[in-house]
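Notes for the one structure printed next.
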Amino acid sequence: MYASLFEKHEHKRALPDLEGAENGVVMRFAPNPSGPLHIGHARAAVLNDAYVKQYGGRYILRIEDTDPKRVDPEAYETVREDSAWLGLGITETVTQSDRLPLYYDLCRQLIERGGAYVCTCDNDRFRELKMAKTACPCRGQAVEKNLELWEKMLDHTFREGEVSVRVRTDLNHPDPAMRDFPAFRILDSPPHPQVQAHVYPLMNFSVVADDHLLGVTHVIRGKDHIANTRRQRFIYDHFGWNVPVYRHYGRMGIEGVVLSTSQMRLGIREGTYTGWDDIRLGTLRALARRGISPDAVRNAVLAIGIGETDISFSWDNLYAENRKIVDPVANRYFFVPDPVTAQIEGARPHTAHALLHPNDASRGNRTLECTGTVLVPKSEINRDVSMLRLKDLFNVTIAWDGTPPSFTYTGDSLADARAAKAPIIQWLPAQDCVPCTLLTQEGEIYGACEPAVKQELGKVVQFERVGFAKIDAVSDDGVMAYFTHR
RNA sequence: GCUGCUAUAGUGUAGUCCGGCCAAUCAUGCGGGCCUUUCACGCCCGCGACUGGGGUUCGAAUCCCCAUAGCAGCACCA
């Protein structure tokens, strides 16, 4: 199922080859369970996914929840749902908080190998020493002493902030970030929602442990991890493990939406946003609600690729991808924004038959009964126009002999309208239409649409001459739709 | 400040490793036209870039040096 889809993309946009991937790969997508996935996550998720699909292998969803401060209990499920929406070919899911004993065991081994020591120095003090390239007193402790202290960490002898496990690296390393970085710390609060613990690995340790244990062969991640990759290298070397192949893509600037989880959460709590799928947010749920297809997100992200340069995400490109997907399937309807009522003199009852899709007559058509009074967009009625063509219906002249202007039927001929260069506009029978609110990122547009739109709940339609819209809710009061894009 | 990375049109991207086939690819965007009872789709035409300066070479987007700009990291976050 995915194969055919993928080949279609692969035909046009091949990702660069990964070295050592010929016999298949094991890759992973490793988000924090702190909230729903957003476009930034989608890049990591889709890129890794694409390579697994290209070379074959396993794709691990690894939920990285080793900092209880950054865990939202609901996000475990949210992350899975969003991953599924994106169409990721996840073959297995692991959660780091389930694996604490594994990390503890490896930590003991690392200490035994002399690759780590337990440090009881004050944080600021250690920092000073680190900057001065000098060893702290703990660094010279015997392995036995370190093991003893490690046991005391585990048995609650120490409290938060009093002790940490450090990886022995190179104190003379030119980059201070490399020097004896921490691997474990104690966190007494808040409690972890998933597990009872107080000793937690830092990301650099748990990532190495899991990448090794799970057999990860290739890692594609953002360049904010370049320093971590170098740090993690020290741990691999202590254990003598094989290092995966890494690729670091550049920073992606995304304008116009909120991406910060804390900002989103705050806004939702305060009522600024309606929820995680508020269309002003950059979450995948928000995109879905607006009618962006997951394949459009995939294609847009794959087109960006794994370049190391910093880029700005292009909504235009995403919309173009989405339009390719949605245009062939979206039914067309009339939506009249900011409507004015026009009574048309001399109009006998007409029935309009408009195609549901202009390029596919087999989909059938919709019928609109005009009895003489119609709704038209206010923006189309101005003194520059003397004649209008109501699309699929007939022609009307406008006379500005008073306020409001008067409308008169002037025949059915499309050719006449063309000759007069009359604008062809959408309209609705005044007696047979429903209120419709179109929600855009800029604000709400009030109007009316065809009653048949109610049957498109959950789908993307095209409001002719307005743009694509996702039908979000229908009720006796009318229709709520989200503007997707033009 | 220290450590490192990157630099092709408005945006994204190909080409850079192994210099000539690149007066630079594709997509998107924008402008114009055709088609069309939508300002959608489709088709055609056009606009638009190798950060700057040196050097090597018969020849440089591609190699070297310098400059500039941007970014990342320097957390008991991931």
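Lettering of chains follows the sequences in order, A, B, ..., and the numbering in each one begins at 1. In this text, all values refer to a predicted model and were calculated from it rather than measured experimentally.
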**OP:** Could you give the distance separating A61(B) and A9(B) at their P atoms, to the nearest angstrom?
**Re:** 15 Å
Original post:
For A14(B), which nucleotide in any strand shown is its Watson-Crick or wobble partner with both distances under 3.5 Å?
Top reply: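 The base-pairing partner of A14(B), which may sit in any strand shown, does not exist here.
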Original post:
Across all strands, who's sitting opposite C2(B) as a Watson-Crick or G-U wobble pair, both distances under 3.5 Å?
Top reply: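 G73(B) - that is the nucleotide pairing with C2(B), both distances being under 3.5 Å.
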Original post:
Can you tell me if the side-chain N/O atoms of R230(A) get under 4.0 Å from OP1 or OP2 in G4(B)?
Top reply: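 Checking G4(B) against R230(A), no side-chain N or O comes under 4.0 Å of OP1 or OP2.
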Original post:
Taking atom OG1 of T93(A) and atom CG of L61(A), what is their separation to the nearest 0.5 Å?
Top reply: 4.5 Å
Subject >> Between OH on residue Y59(A) and CG on residue N48(A), distance to nearest 0.5 Å >> reply: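 Going from OH on Y59(A) over to CG on N48(A), the span is 4.5 Å.
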Subject >> 5' precedence on RNA chain B between Q426(A) and I304(A) (nearest-nucleotide basis) >> reply: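 Result of the comparison: I304(A).
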**OP:** Report the distance from atom NZ of K391(A) to atom C1' of U36(B), rounded to the nearest whole Å.
**Re:** 9 Å
Original post:
Which whole-number value in Å describes the distance from E380(A) CD to C39(B) P?
Top reply: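 Going from E380(A) (CD) to C39(B) (P), I get 11 Å.
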Subject >> No-hydrogen, no-angle side-chain donor-acceptor test under 3.5 Å, Q194(A) and D65(A) >> reply: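 No, D65(A) and Q194(A) have no side-chain donor paired with an acceptor closer than 3.5 Å.
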Original post:
Any side-chain donor-acceptor pair under 3.5 Å between H156(A) and H198(A)?
Top reply: yes
**OP:** Treat primed atoms plus P, OP1 and OP2 as sugar-phosphate and everything else as base, then score nucleotides 70-78 of chain B 5' to 3': B for base contact with protein heavy atoms under 4.0 Å, S for sugar-phosphate contact only, - for none.
**Re:** SBSBSSBBB
**OP:** Scan nucleotides 40-49 of chain B nucleotide by nucleotide, 5' to 3', and note B when protein non-hydrogen atoms come under 4.0 Å of the base, S if they reach only the sugar-phosphate, - if neither.
**Re:** BB--------
**OP:** Verify the neighbour count for atom CZ of R233(A): are there more than 12 heavy atoms of other residues, nucleotides or ligands below 6.0 Å?
**Re:**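 No.
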**OP:** Check each of F158(A), Y200(A), W150(A), Y117(A) against F184(A) using the ring pair (Phe, Tyr, Trp, His ring centres under 6.0 Å) test, and report the only one that passes.
**Re:**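 Exactly one option meets the ring pair (Phe, Tyr, Trp, His ring centres under 6.0 Å) with F184(A), and it is W150(A).
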**OP:** Verify whether the ring centers belonging to H218(A) and Y51(A) lie closer than 6.0 Å.
**Re:** no
